[in-house]
Amino acid sequence: MNVTLPDGKVLELDSEATGADAALAIGPGLAKAALAITVNGEIRDLSRELPDGATISIITEKSDEALDLIRHDAAHVLATAVIDLFPGTKVSIGPAIENGFYYDFEFPDGVTLSEDDLPRIEERMKVHVKAAEPFERSELSVEDALVRFRELGEDYKVELIEDLITNEGAQTVSLYRNGDFVDLCRGPHAPATGRIKAFALQSVAGAYWRGDSTRTMLTRIYGTAFLSRKDLEEHLELLEQAKARDHRKLGRELGLFRFSEVSPGSAFWLPKGTKLFNELVSLSREMGEPRGYQEVKTPQLYDAELWRLSGHWDKYRENMFLTESEDHQMGLKPMNCPGHAHLFGAQQWSYRDLPVRYSEPGLLHRNEPSGTLHGLLRVRHFCQDDAHIFCTDEQIQDEVAACLEFAFATYRLFGLEPKLELSTRPEQRLGDDELWDRAEAALSSALDSGGHEYVVNEGDGAFYGPKIDLHITDSLGRSWQLGTVQLDYSMPERFDLSYAGADNADHRPVMIHRALMGSYERFIGILIEHYAGALPFWLAPVQVQVLPVADRHSPFAEEVAAELRAGGLSVEADTRSESIGRRIREAELAKTPVMLIVGDREVESGEVSVRERGSGDEGAETVAGLLERLNQRVQDRTA
RNA sequence: GCCGAAGUAGCUCAGCUGGUCAGAGCACCUGUCUUGUAAACAGGGGGUCAGGGGUUCGAAUCCCCUCUUCGGCUCCA
């Protein structure tokens, strides 16, 4: 038979030749390095027979696919070790994931696993890796496979096979054996367990079977694997370093905010944190005004009637904080939209008035489940940079495009590059298909015209309309949704909103919900991790720290500070009788962008010695010149 | 909410199997030093060991409940 190699050469092989044979035919070095083979674009085991005429490419440790392969191998070895150590454990699934792998198990009654158990599971895994047990693939009819896994009591595998039959019409399934462990698995795998050069188990967690919270909670073991010990150590080192960027740690160390048991999930903002917070609110106002936004203020607490009208009473009550007043049930707002819709509906509108863009840095309360709270990134009390745009159908596309422009203009200031997701019509939805066609088309063409790349989440839209979300990852690579632009045909209906058209008839406006930073809390959490706490000059709560060398220079230091403050900067003077070295160190640790050292020389010359965060002495400068330079940095919003 | 883990001074942590176990460093306060680009020196104050029950002659240490936090899952800005 003949196969074609990546460089276009044709290789002649014996009939029934396998991927391993092909690799050997190319060269013994490659045969040794080979992990798997791509056959007509599909990754397969080396041991499988090649089809005649196939285009092949050998996967080695250098290939992009190599890590996924050995991580998947490692997941099987993990399962092998777990079953060795905990007989009677049921297995479910164990895929490779970004940065590692996991396997989900159901342990026998009475057995609970904790992280203390990981070392001995690792030891057991090492035995199997060292034994370099081959991965052997076999195929089985679905009937035989069902019998086999039923006998073993592997209920989860049985369910998987049943679903393969119903959903894919599967006739056969593939099994992989390594050592004594046989798993239902699509493959592919490397030739043997020995190819896993370095691995580590990392954590134990609960995970619902099939991601369904009504089903059994399985025990998930996370781990990672690499092609060399060095790569593994580098990865673990990176994870260590990421902890230093954690906004919860930095928020405390930098004196930005804190949390307390007296109000779980709600930040207490300290003066410095409040300054940062307010800076972002100002930014949003400053950018919103020229874009036609009008700020409004709406109440925190509303009669339950409003929530019934908006639909939140039915769909969101569980997550709302409720109270009573004079026999009226009331609820704190979890969203600003009903208030804005109510406000819009309170007066008459002409088509000439549209679009109307109401913005509000609205304070919200959502009673999020305790287990979901996460520093500033998931809180119960937060403030959105929220706005609602009421417009005509024809205006949707331009408005959405303008929202995206606004969002990117904002993110660019911080060097953040969000990932975009377009979520389309869900199964349960309001409105006819024609409406959804138009709404989705409006969103996707706004995305396309802006030249944005995005992924489509089919069926993930809100029940009232499709949406575009902006995602950013935190220091540990966890993705968080920040901004969102949502089309809503439902709320205008519920609130019976209307405007008079050119035809003098009543028309229903469309509502666009948009929050660009998302919430100030989450955005600040992400920013802190993005900058590792070293906020750019324009955002720093304390921009300049003036440091007199000795007590006798304090009056001059105060003068300099006052002058810079009068020039609009946030300045402190550290006049404590501590050593200058100590005060410089503390200003550095506080991530203050600019330090000014003033001693005899400066008092004499009237200038100041400038020290930039992280880069040492930069020489003397007049206060006036410095002020101008620093104000330019604020204006340009540069570091 | 679910699974697992943790909770000792403001912070980081010691305190092994219950019996001088309430400690250290940093921070804080006081005093001395008056400093030239990342930590001066000395002394001092501070915790009913998350909260509540229980076991015991005796609990920070063992058990139970609650709260909070951390890692995930589900859900979400």
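Labels below follow one simple rule: chain letters A, B, ... track the order of the sequence lines, proteins then strands, and each chain is numbered from 1. Any value given below was found using the heavy atoms of this structure, including those in side chains, with hydrogens, waters and symmetry copies removed.
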Look at all strands and tell whether L482(A) reaches a base, only sugar-phosphate, or nothing, counting heavy atoms closer than 4.0 Å. sugar-phosphate

Identified pairing partner of C29(B), criterion: Watson-Crick or G-U wobble below 3.5 Å: G43(B)

Scan every strand shown for a Watson-Crick or G-U wobble partner of C57(B), both distances under 3.5 Å, and answer none if you come up empty. G19(B)

Outer limits of RNA chain B sitting under 4.0 Å from a non-hydrogen atom of chain A, read 5' to 3', are G1(B) to A77(B)

Look through every strand shown and name the nucleotide pairing with A24(B) as Watson-Crick or G-U wobble, where both distances are under 3.5 Å. U12(B)

Strictly by Watson-Crick or wobble contacts shorter than 3.5 Å, is anything paired with G36(B), and which nucleotide is it? none

Remember a base hit wins even if backbone is also touched, and classify R601(A) as base, sugar-phosphate or nothing at under 4.0 Å, heavy atoms. base

Would R120(A) and E123(A) pass as an ion pair if we require N to O under 4.0 Å? no

Under 3.5 Å on both distances, the Watson-Crick or G-U partner of C49(B): none

Check this for me: does any side-chain nitrogen of one of E279(A) and K275(A) sit under 4.0 Å from a carboxylate oxygen of the other? no

Looking at C67(B), which nucleotide sits across from it as a Watson-Crick or G-U wobble partner, both distances under 3.5 angstrom, or is there none? G7(B)

In the structure shown, which nucleotide is the Watson-Crick or G-U wobble counterpart of C73(B), with both distances under 3.5 Å? G1(B)

Check every strand shown and say whether T112(A) touches a base, only sugar-phosphate, or nothing at a heavy-atom separation below 4.0 Å. sugar-phosphate

Whether F257(A) and F259(A) hold their rings parallel, tilted or perpendicular, with breakpoints at 30° and 60°: perpendicular

Look at R215(A) together with E159(A) and state whether they make a salt bridge at an N to O cut-off of under 4.0 Å. yes

Base, sugar-phosphate, or nothing for R378(A), non-hydrogen atoms under 4.0 angstrom? base

Taking any heavy-atom pair under 4.0 Å as a contact, classify T372(A): base, sugar-phosphate, or nothing. base

Measure up the F226(A) and H235(A) rings against each other and bin them: parallel (under 30°), tilted (30 to 60°), perpendicular (over 60°). tilted

Over 60° means perpendicular and under 30° means parallel, so tell me whether H76(A) and H72(A) are parallel, tilted or perpendicular. perpendicular

